[in-house]
Amino acid sequence: MGKPSTRVLLVSDDARLSTALHHPPLPAKYFVISVPTGAQALESFGDFDLLLLDSSTPGMDSHEVCKRIRNQASVPIIIVGACANEIDRVLALNAGADYCVVKSDSLHELQASMDAVMRRSSSCPVGRNAPGPSAPAGEILVAGPLRLNPRNRDVTLDGRPVRLTPKEFDLLSMLMEDPDTLHTRKAIIARVWNEHWFGSTRTLDVHIGALRQKLGSYDWIETKRGIGFRLGSVPSAGARDSP
């Protein structure tokens, strides 16, 4: 009995892209179903293993669709389209996408991105509260009032839940697993994103900034300029009120 196909949801009203993906030189493991709007994607994403969001689809913005899905599940997401410059890629990744691929007549880069995200998530269940590719299934990590549960990907601060994107969770998890280690930028990018990551490392700074804001203090993450980051000292309650 063969390996089950990877169910892919394409969210696009672009007939050329849809036709190319339905009749492509893609491996047989990919089974593509298309819907034309983000609203339809929000109703059906739970049945799929991988999402492709066309950034030019009219109606709901692809970044907004990505954020809403990411708040509910860790299913891999690739944004296809507006990724030509660094700002576009940073916005896509900050919305929760795993990759951002420029739309073109060639499917080679898109296929490579699909293969990469599926390799990273192949050992993890997909769906609501599914652990991300970098999260260890170990014990709860604790740093003062901050608790991170790798099994259900919950984070709490002073007993209150902290809502993180999958990349923010994986980044915080890496820092909390070994709090005394100074993690280089290269090592963080390789684990949280991909060892073959081709984008700007400013993406990492964006996620560090978002984590500090959500945790309520700059002190949670210590920066060693030009080298990397490590978990900082636990800030006082007053300091946590003003990041």
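Since this is a predicted model, take the numbers as computed values, not measurements.
- Around atom CZ of R147, no more than 12 heavy atoms belonging to other residues, nucleotides or ligands sit under 6.0 Å away.
- Counting only heavy atoms from C-beta outward, the side chains of L9 and D47 never approach each other to under 4.5 Å.
- Nearest heavy-atom pair across R70 and A95 is CB-O, 4.3 Å.
- Between K29 and M118, every side-chain heavy-atom pair lies at or beyond the 4.5 Å cut-off.
- More than 12 heavy atoms of other residues, nucleotides or ligands lie within 6.0 Å of NZ in K214, so this atom counts as buried by the packing criterion.
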Subject >> CA sep, side-chain torsions, deciding dist, call: D49, Y30, side chain to side chain donor-acceptor pair (under 3.5 Å) >> reply: CA-CA 10 Å; D49 307 302; Y30 292 118; over 6 Å; no
**OP:** Give the C-alpha distance, both sets of side-chain angles, the deciding distance and a yes or no for salt bridge (charged side-chain N to carboxylate O under 4.0 Å, His left out) between R153 and D170.
**Re:** CA-CA 9 Å; R153 295 179 70 81; D170 294 339; 3.2 Å; yes
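- Applying the side-chain hydrogen bond (donor to acceptor under 3.5 Å, both in side chains) test to residues at least two apart or on different chains, the pairs with a partner in residues 33-44 are S18-S34, T37-Q40.
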Original post:
Can you list the steps and then say if D205 with R185 is a side-chain contact (heavy atoms from CB on, under 4.5 Å)?
Top reply: CA-CA 10 Å; D205 298 306; R185 298 175 70 89; 2.9 Å; yes
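- Both cation-pi conditions hold for R212 and Y218: the charged atom is under 6.0 angstrom from the six-membered ring centre and inside a 45 degree cone around its axis.
- Within the 4.5 Å cutoff, no side-chain heavy atoms of V75 are placed close to those of F48.
- Here the side chain of T19 pairs a donor or acceptor atom with the backbone of A15 at under 3.5 angstrom.
- Between L171 and I188 there is a side-chain heavy-atom pair separated by less than 4.5 Å.
- At a threshold of 4.0 Å, the pair D54-K103 counts as salt-bridged, since one of the basic side-chain nitrogens sits closer than that to a carboxylate oxygen.
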